[in-house]
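Notes for the one structure printed next.
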Amino acid sequence: MSATLIHSARLVDDGRVTDDGWVLFADGRVAAVGDGESGRDAAPAATTVIDARALAGPGAILTPGFIDLHGHGGAGASYDEGADAIRAARALHRAHGTTRAVVSLVTASVDDLVERVGVVAGLAAHDPQILGSHLEGPFLDPGHKGAHTEGLLVDPTPVAIDRLVDAARGTLVQVTLAPERPGAGAGLERLRAAGVVVAVGHTDADADTARAAFDAGASLLTHAFNAMPGIHHRAPGPVVAALRDPRVVLEIIADGVHVDPALIAVAFDAAPGRIALVTDAMAAAGADDGRYLLGGLEVSVDDGVARLVEGGAIAGSTLTQDAALRVVVAAGVALPAAVAALTRTPARAIGRDDIGRLSPGARADAVLLDAGLGVRGVWADGDAV
């Protein structure tokens with residue numbers, strides 16, 4: 001039996017911290033978890049034993065592997081560019097603790113998206129760390145299109161939805177749509193019937209329209225605060241509708257650019273256990289500043305901030321999830337809550353109870369951090385990355 005014991009770490013999981021904790025991995029799963037010296041007795045003779053403090057210092061922290069529900073690339077590669085690009089970008093994010101990810105695709109023609117979700121389906125069939133695909137378009141509001149090509153935005157017709165669902169072969173995890181578009185209600189119902197998580201986003205919806213979408217089964221808010229009406233004291237908008245609905249998880253891009261860290265802390269207080277920290281990372285994550293393409297649109301990255309060359313709209317991020325963790329903790333969010341937003345909450349948002357936790361039977365994904373929350377080790381399916 002292939003087994004690994006990691007000991008002498010502060011385990012941060014399930015909303016709590018366990019000092020002097022240990023976790024035992026066996027055959028790609030969590031076999032046991034505990035604290036103190038009991039781990040030595042639980043480990044098989046052939047186990048690889050890792051002292052967390054030796055790798056990460058006296059403040060060593062062990063968390064479940066991070067899960068990104070929304071990212072578009074990294075390491076100079078965009079997920080829209082095909083299988084090799086997806087592998088390259090995933091390697092970059094995995095090294096920063098993201099052991100599982102949904103592959104997000106930007107707006108393109110339905111024909112192109114059919115091809116791209118098929119590519120993701122093929123990869124997911126052989127790599128369980130790829131959770132499936134997320135279509136951030138093309139069912140978006142032109143007035144809140146962000147870094148999406150306006151001429152390719154369309155209504156969520158039954159034909160378009162069925163083509164995309166069929167091409168994904170059971171791996172279409174999430175679709176973002178603007179609930180005010182013609183046909184959005186029927187489209188939402190059709191997607192939910194196919195087992196797809198529906199997110200409200202890139203929208204001009206007011207609070208009532210957003211609430212109606214949540215009542216119809218939408219359960220995510222795509223990058224809350226961005227590409228949607230803001231909070232006004234007489235027009236609370238979709239963000240307040242989501243904050244007040246216990247069924248809804250709110251994505252937040254915690255790069256210090258998309259949303260002020262103080263407001264992120266407020267969101268954590270207002271919706272405990274319902275914040276999912278996502279990267280929305282584009283190709284420049286982990287790469288140099290310069291010019292890039294995102295969905296056919298030219299992007300300029302300066303000092304790590306990506307903006308469209310034409311119009312200047314923010315065009316994704318250069319964020320990694322370990323950096324997001326540092327941002328929110330520095331903003332005053334308690335470490336267990338911040339970790340949950342990278343692990344258990346995104347897992348729950350897509351109906352997965354086998355990832356995002358260090359519990360017996362779960363996938364053996366973990367991140368070892370030092371006291372400054374820098375990554376010092378990553379394990380995916382029990383294997384060191």
For side chain to side chain contact (heavy atoms under 4.5 Å, CB included), just list the numbers for Asp35 and Asp19, CA-CA rounded to whole Å, side-chain angles, deciding distance to a tenth of an Å, and then say yes or no. CA-CA 7 Å; Asp35 61 355; Asp19 291 323; over 6 Å; no

I'd like to know whether Thr98 forms a side-chain hydrogen bond (donor to acceptor under 3.5 Å, both in side chains) with Gln321, so could you lay out the CA-CA distance, the side-chain angles of the two residues, the decisive distance to 0.1 Å, and finally the verdict. CA-CA 7 Å; Thr98 303; Gln321 286 193 298; 2.8 Å; yes

Stepwise, does the side chain to side chain contact (heavy atoms under 4.5 Å, CB included) test hold for Leu135 with Leu113? CA-CA 8 Å; Leu135 295 175; Leu113 290 173; 4.0 Å; yes

Is there a salt bridge (charged side-chain N to carboxylate O under 4.0 Å, His left out) between Arg211 and Asp206 once you walk through the steps? CA-CA 9 Å; Arg211 279 192 288 265; Asp206 60 13; over 6 Å; no

Step by step, work out the side chain to side chain contact (heavy atoms under 4.5 Å, CB included) result for Phe225 and Leu263. CA-CA 10 Å; Phe225 301 102; Leu263 184 55; 3.6 Å; yes

Would Arg190 and Asp162 count as a salt bridge (charged side-chain N to carboxylate O under 4.0 Å, His left out) here? Give the steps. CA-CA 8 Å; Arg190 202 174 195 90; Asp162 289 350; 2.8 Å; yes

Derivation of the side chain to side chain contact (heavy atoms under 4.5 Å, CB included) call for Leu123 and Arg87: CA-CA 9 Å; Leu123 290 171; Arg87 294 188 189 99; 3.5 Å; yes

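Note on Arg53 versus Asp51: no salt bridge recorded, every NZ/NE/NH1/NH2 to OD/OE distance being 4.0 Å or above. Look at Asp215 and Arg247 and you find a salt bridge, because one of the NZ, NE, NH1 or NH2 atoms lies within 4.0 Å of a carboxylate O, short of that distance. Under a 4.0 Å N-O distance rule, the pair Arg344/Asp13 qualifies as a salt bridge.
When hydrophobic clusters are built by joining Ile, Leu, Val, Met, Phe, Trp and Tyr residues whose side-chain heavy atoms come closer than 4.5 Å, directly or via intermediates, Leu342 is grouped together with Val12. Linking ILVMFWY residues whenever their side-chain heavy atoms come closer than 4.5 Å, directly or via other members, leaves Val175 and Val197 in distinct clusters. Linking ILVMFWY side-chain heavy atoms closer than 4.5 Å, directly or via other members, places Leu140 and Leu191 in two distinct hydrophobic clusters. Linking ILVMFWY residues whenever their side-chain heavy atoms come closer than 4.5 Å, directly or via other members, leaves Val102 and Val196 in distinct clusters. Put simply, Val339 and Ile355 are part of two different groups of oily side chains (I, L, V, M, F, W, Y) that touch within less than 4.5 Å, one to the next.
Annotation: side chain of Arg307 is not in contact with side chain of Ser300 (no heavy-atom distance under 4.5 Å). The closest side-chain heavy-atom distance from Glu251 to Leu221 is not below 4.5 Å. Side-chain contact between Arg363 and Arg357 is absent, with no heavy-atom pair separated by less than 4.5 Å. Here the side chains of Leu277 and Phe268 are in contact, with some heavy-atom distance below 4.5 Å. In this structure, Leu131 and Ile350 have side chains that are in contact, with non-hydrogen atoms separated by less than 4.5 Å. Val299 has its side chain out of reach of Arg291: every pair of non-hydrogen atoms, C-beta onward, lies at least 4.5 Å apart. Residues His96 and Val378 have side chains not in contact (no heavy-atom distance under 4.5 Å, counting atoms from C-beta outward). A heavy-atom distance below 4.5 Å is found between the side chains of Phe214 and Val200.
When all heavy atoms of Thr99 and Gly65 are compared, the closest pair comes out as OG1-CA, 3.3 Å. The shortest heavy-atom contact between Ala75 and Leu92 is CB-CB, 3.8 Å. Nearest heavy-atom pair, Pro238 versus Pro229, reported as atom, atom and distance to 0.1 Å: CD-O, 3.9 Å. Nearest heavy atom pair, residue Val328 against residue Ala254, reads CG1-CB, 3.7 Å.
Other members of the hydrophobic cluster containing Ile50, listed by chain and number, are Ile6, Leu11, Val23, Phe25, Val30, Val33, Leu55, Leu62, Leu358, Leu368, Trp379; membership follows side-chain contacts under 4.5 Å among ILVMFWY residues, whether direct or relayed.
Side-chain atoms of Thr318 come within 3.5 Å of backbone atoms of Gly304 as a donor-acceptor pair (strictly under, hydrogens ignored). In this structure, the side chain of Asp68 engages the main chain of Thr279 through a donor-acceptor pair within 3.5 Å. Not a single donor-acceptor pair under 3.5 Å links the side chain of Arg163 to the backbone N or O of Val114. In this structure, the side chain of Glu115 does not engage the main chain of Asp112 through any donor-acceptor pair within 3.5 Å. Asp155 places no side-chain N or O within 3.5 Å of a backbone atom of Thr157 that could act as its donor or acceptor partner. With hydrogens and angles ignored, the 3.5 Å screen pairs no side-chain donor or acceptor of Thr47 with any backbone N or O of Leu5. When atom types are taken as modelled, the side chain of Arg94 and the backbone of Val385 share no donor-acceptor pair closer than 3.5 angstrom. Listed for the Arg29 side chain is no donor-acceptor partner under 3.5 Å among the backbone atoms of Asp381. The backbone N or O of Gly82 sits nowhere less than 3.5 Å from a side-chain atom of Arg116 that would complete a donor-acceptor pair.
A side-chain N or O of Asp322 and one of Thr320 form a donor-acceptor pair less than 3.5 Å apart. Using a 3.5 Å distance cut-off with no hydrogens or angles, the side chains of His72 and Asp280 do pair a donor with an acceptor. Ser109 and Asp111 are not linked by any side-chain donor-acceptor pair at a separation below 3.5 angstrom, with hydrogens and angles left out of the test. For the residue pair Asp27/Ser2, the side-chain donor-acceptor check at 3.5 Å is not satisfied.
More than 12 heavy atoms of other shown residues, nucleotides or ligands fall within 6.0 angstrom of atom NE2 in His232. Summarising the local packing, CD of Glu298 is surrounded by more than 12 heavy atoms from other residues, nucleotides or ligands at distances under 6.0 Å.
With ring centers used as reference points, His134 lies under 6.0 Å from His70.
Shown are Val266, Val327, Asn226; of these, the side-chain contact (heavy atoms from CB on, under 4.5 Å) with Val259 is made only by Asn226. When the options Thr222, Thr203, Thr107 are evaluated for a side-chain hydrogen bond (donor to acceptor under 3.5 Å, both in side chains) with Thr176, the one that passes is Thr222.
Going from atom CG of Leu335 over to atom CZ of Arg10 covers 6.5 Å, rounded to the nearest 0.5 Å. Atom CD1 of Ile61 and atom CG of Asp370 lie 8.0 Å apart (nearest 0.5 Å). Of the inter-residue distances, the one linking Arg16 atom CZ with Thr18 atom OG1 reads 5.5 Å to the nearest 0.5 angstrom. For the atom pair Ser104 OG and Gln174 CD, the distance stands at 6.5 Å (nearest 0.5 Å).
Residues that satisfy the ring pair (Phe, Tyr, Trp, His ring centres under 6.0 Å) test with His148, not counting sequence neighbours, are His202.
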